[in-house]
Amino acid sequence: MIRVAVSGANGRMGRLIVERIKQEEGIETVAAFDLVGEGVSHPDRMSEVLSERDVDVLVDFTIADAVRLNAITAAEAGVNLVIGTTGMSDEDLEAIRSEIKDKVAAVISPNFSIGVNLLWRLIKDAADMLDGYDIAIIEAHHRTKLDAPSGTALRAAGLLQEMGKHVDLHAIRGGDIVGDHTVLFSGIGERLEITHRAHSRDAFVNGVIRAIRWVNRREQGIYSMDDVMESTTR
Ligand SMILES: NC(=O)C1=CN([C@@H]2O[C@H](COP(=O)(O)OP(=O)(O)OC[C@H]3O[C@@H](n4cnc5c(N)ncnc54)[C@H](OP(=O)(O)O)[C@@H]3O)[C@@H](O)[C@H]2O)C=CC1
Ligand SMILES: O=C(O)C1=N[C@H](C(=O)O)C[C@H](O)C1
């Protein structure tokens with residue numbers, strides 16, 4: 001049995017992850033952390049709760065200001081990680097990576113949906129073939145999302161910038177949009193749009209469950225959803 005703790009357990013993602021784990025064989029939620037609410041521990045108590053409950057994997061869907069401390073606390077307790085939180089500074093992300101990489105295994109991804117992980121592959125091929133096209137990324141999310149542009153859009157832009165491409169980023173916030181990303185390649189006489197739309201957060205939760213199973217008892221290191229997808233069939 002994989003013993004999981006969920007951080008951000010009262011949030012949109014955290015609640016769904018806790019509910020899904022109840023339906024999964026071989027995984028159980030043994031601890032939950034959030035700032036307030038029934039049945040959760042305060043993150044100040046994370047270190048002792050992780051040890052007391054013998055947690056194998058901590059899943060973090062919180063806020064940018066919290067994830068660094070949560071990740072380092074888990075790593076020091078020898079607990080593997082699945083991190084989906086976005087909006088961290090480059091400095092925070094680098095600190096997380098360097099402080100945990102020799103201690104535990106961690107899957108870190110700004111998007112756990114399989115479709116977006118494929119989109120990140122497809123846009124590199126498109127950029128390669130559509131040399132000289134203007135590139136824009138347009139993302140849309142619900143009105144309460146804290147960070148903009150999204151972590152997914154920033155990852156897409158980063159991949160294209162590594163290829164020497166210039167990318168314009170546009171973020172829209174409104175209503176209850178779960179998460180849309182379009183990478184638009186505009187040329188003379190044509191354009192190509194590669195779009196992913198999440199209809200529900202199940203798209204992310206599916207990937208999180210895969211990542212939990214995969215990261216459990218993995219060797220120390222930092223991994224992506226690409227690593228998970230390469231070596232799992234379900
Ligand atoms: N990688 C992916 O596939 C996805 C990533 N995300 C990212 O995940 C994060 C969470 O998203 P979402 O669930 O919509 O956000 P929510 O705001 O709904 O949930 C975040 C929760 O974390 C709580 N929280 C804040 N600080 C701490 C802390 N120190 N320890 C534990 N819990 C804390 C918040 O409490 P309070 O409300 O009281 O502040 C809240 O309940 C965001 O960064 C989002 O961008 C979202 C979807 C998919
Ligand atoms: O906050 C969200 O909701 C989402 N955040 C992630 C991001 O910033 O890319 C992933 C997804 O688009 C939903």
Side-chain angles (χ1 to χ4, degrees), residues 5-20 31-47 49-50 58-74 81-89 92-93 96 106-120 137-159 169 171-183 195-212 223-226 228-229:
V6 178
S7 180
N10 279 337
R12 278 174 290 263
M13 281 298 294
R15 281 195 304 266
L16 290 175
I17 292 165
V18 170
E19 280 310 305
R20 173 66 73 78
F33 299 96
D34 211 300
L35 299 180
V36 289
E38 290 287 306
V40 294
S41 305
H42 193 274
D44 284 355
R45 296 192 57 238
M46 187 174 282
S47 187
V49 172
L50 292 177
L58 176 75
V59 177
D60 191 285
F61 280 81
T62 58
I63 56 168
D65 286 346
V67 59
R68 180 172 173 176
L69 180 60
N70 291 348
I72 291 168
T73 304
L81 281 152
V82 171
I83 298 177
T85 306
T86 60
M88 291 96 94
S89 64
D92 273 341
L93 191 53
I96 291 172
V107 179
I108 305 178
S109 179
N111 199 308
F112 278 88
S113 83
I114 306 309
V116 158
N117 279 271
L118 179 57
L119 175 142
W120 284 326
I137 299 175
I138 305 114
E139 59 95 335
H141 285 85
H142 53 96
R143 61 164 73 111
T144 52
K145 182 167 174 59
L146 295 178
D147 52 320
S150 67
T152 305
L154 291 173
R155 166 66 58 83
L159 293 170
L169 285 161
I172 297 159
R173 295 289 170 266
D176 63 355
I177 300 169
V178 173
D180 293 355
H181 293 91
T182 294
V183 183
T195 296
H196 178 271
R197 297 188 204 284
H199 303 165
S200 81
R201 291 183 177 80
D202 287 345
F204 314 126
V205 176
N206 293 341
V208 169
I209 298 297
R210 265 170 84 156
I212 292 170
Y223 302 96
S224 66
M225 264 310 274
D226 246 356
V228 177
M229 287 162 59

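Here, residue 1 is the first one in the sequence, and each next residue gets the next number. One-based numbering, in listed order, for ligands and for the atoms of each.
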Quick check on contacts: which atoms of ligand 1 are under 4.0 angstrom from a heavy atom of Gly84? 1 (N), 2 (C), 4 (C), 5 (C), 6 (N), 7 (C), 8 (O)

May I ask which of Val40, Val6, Asp65, Asp34 has a heavy atom nearer to atom 24 (N) of ligand 1 than the others do? Asp34

Tell me the protein heavy atom at minimum distance from atom 39 (O) of ligand 1, and give that distance in Å. Leu35 CD1, 3.7 Å

Would you compute the distance between atom CZ of Arg173 and atom CG of Asp147 and round it to the nearest 0.5 angstrom? 6.5 Å

Heavy-atom check, side chain of Ile114 versus side chain of Arg210, under 4.5 Å: yes

Taking only heavy atoms of Met13, which atoms of ligand 1 are found under 4.0 Å from at least one of them? 13 (O), 46 (C), 47 (C)

Whether Glu139 side chain and Ser150 backbone form a donor-acceptor pair below 3.5 Å: yes

With respect to Ile63, determine whether any N or O atom, backbone or side chain, lies less than 3.5 Å from an N or O atom of ligand 1. no

With respect to His181, determine whether any N or O atom, backbone or side chain, lies less than 3.5 Å from an N or O atom of ligand 2. no

Taking the side chain from Arg15 and the backbone from Asn10, do they hold a donor-acceptor pair closer than 3.5 Å? yes

Tell me whether atom 18 (O) of ligand 1 lies less than 4.0 Å from at least one protein heavy-atom position. yes

Return the CZ to CG distance between Phe33 and Asp60, rounded to the nearest 0.5 Å. 10.5 Å

Could you identify the single nearest non-hydrogen protein atom to atom 9 (O) of ligand 2 and state the distance to 0.1 Å? Thr152 OG1, 2.4 Å

Close-contact set for ligand 2 against Gly151 heavy atoms, below 4.0 Å: 7 (C), 8 (O), 9 (O)

Closest non-hydrogen protein atom to atom 15 (O) of ligand 1, residue and atom name please, with distance? Arg12 NH2, 3.7 Å

Quick check: does His141 get an N/O under 3.5 Å from an N/O on ligand 2? yes

Out of curiosity, is His142 lining ligand 2, as in a heavy atom under 4.0 Å away? yes

Apply side chain to side chain contact (heavy atoms under 4.5 Å, CB included) to Val205 and Met13, showing your working. CA-CA 8 Å; Val205 176; Met13 281 298 294; 4.1 Å; yes

Look at ligand 1 and say whether Pro110 reaches it with a heavy atom at a distance under 4.0 Å. yes

With only distance considered, is Thr85 within less than 3.5 Å of ligand 1 through an N or O on each side? no

Should one rank Ser113, Ala153, Gly87, Pro110 by closest heavy-atom distance to atom 10 (C) of ligand 2, which comes out on top? Pro110

Hey, does Val36 come in under 3.5 Å of ligand 1, counting only N/O atoms on both sides? no

Need the ligand 2 atom indices (1-based, order shown) with element for anything under 4.0 Å from a heavy-atom of Asn111. 10 (C), 11 (C), 12 (O)

Shortest reach to atom 9 (C) of ligand 1 by a heavy atom, considering only Leu69, Thr86, Thr62: Thr62

Protein heavy atom at shortest distance from atom 4 (C) of ligand 1: Phe61 CE2, 3.5 Å

Can you list the atoms of ligand 1 that are under 4.0 Å from a heavy atom of Ser7? 30 (N), 31 (C)

Give the atoms of ligand 1, by number and element, whose distance to some non-hydrogen atom of Asn70 is under 4.0 Å. 30 (N)

Minimum-distance pair of heavy atoms, taken over all atoms of Ala5 and Leu50: CB-CD2, 4.0 Å

Phe204 N/O to ligand 1 N/O under 3.5 Å: no

In the protein, which heavy atom is nearest to atom 30 (N) of ligand 1, and how far is it? Pro43 CG, 3.3 Å

min-distance protein heavy atom vs atom 5 (N) of ligand 2 -> Lys145 NZ, 3.1 Å

Could you tell me whether the side chain of Arg143 and the main chain of Ile177 form a donor-acceptor pair under 3.5 Å? no

Could you tell me how the ring of Phe61 sits relative to the ring of Phe112: parallel (under 30°), tilted (30 to 60°) or perpendicular (over 60°)? tilted

So, regarding Phe204 and ligand 2 (criterion: nitrogen or oxygen to nitrogen or oxygen, under 3.5 Å), is there a contact or not? no

Under 4.0 Å to a heavy atom of Gly8 - the qualifying atoms of ligand 1, by number: 21 (C), 22 (O), 31 (C), 32 (N)

I need the Asp226 CG to Met229 CE distance, nearest 0.5 Å. 6.0 Å

Beyond-backbone contact of Ile172 with Ile138, side-chain heavy atoms, under 4.5 angstrom: yes

Gap between atom CD1 of Ile96 and atom CZ of Arg68 - 0.5 Å precision: 7.5 Å

N/O donor-acceptor pair under 3.5 Å between Thr85 side chain and Thr62 backbone: yes

closest protein heavy atom to atom 29 (N) of ligand 1 is Ala66 CB, 3.2 Å

Ligand 1 contact by Lys145, heavy-atom criterion under 4.0 angstrom: yes

Close side-chain approach of Leu118 and His196, heavy atoms under 4.5 Å: no

Polar-atom distance check: Ser109 versus ligand 1, any N or O pair below 3.5 Å? yes

Indicate yes or no: at least one non-hydrogen side-chain atom of Ser224 is less than 4.5 angstrom from one of Trp120. no

At what distance is the nearest protein heavy atom to atom 3 (O) of ligand 1, and which residue and atom is it? Phe112 N, 2.8 Å

Taking 4.0 angstrom as the limit and counting only heavy atoms of Ser150, give me the atoms of ligand 2 inside it, by number and element. 7 (C), 8 (O), 9 (O)

If you count the atoms of ligand 1 from 1 in the order shown, which ones are under 4.0 Å from a heavy atom of Asn10? 41 (O)

Taking the side chain as C-beta and beyond, is there a heavy-atom pair between Leu35 and His42 under 4.5 Å? yes

Paired with Ile212, the side-chain contact (heavy atoms from CB on, under 4.5 Å) test is passed by just one of Val82, Val107, Leu58, Val228, namely Val82

For the residue pair Ser113 / Asn111, report whether a side-chain donor-acceptor contact shorter than 3.5 Å exists. yes

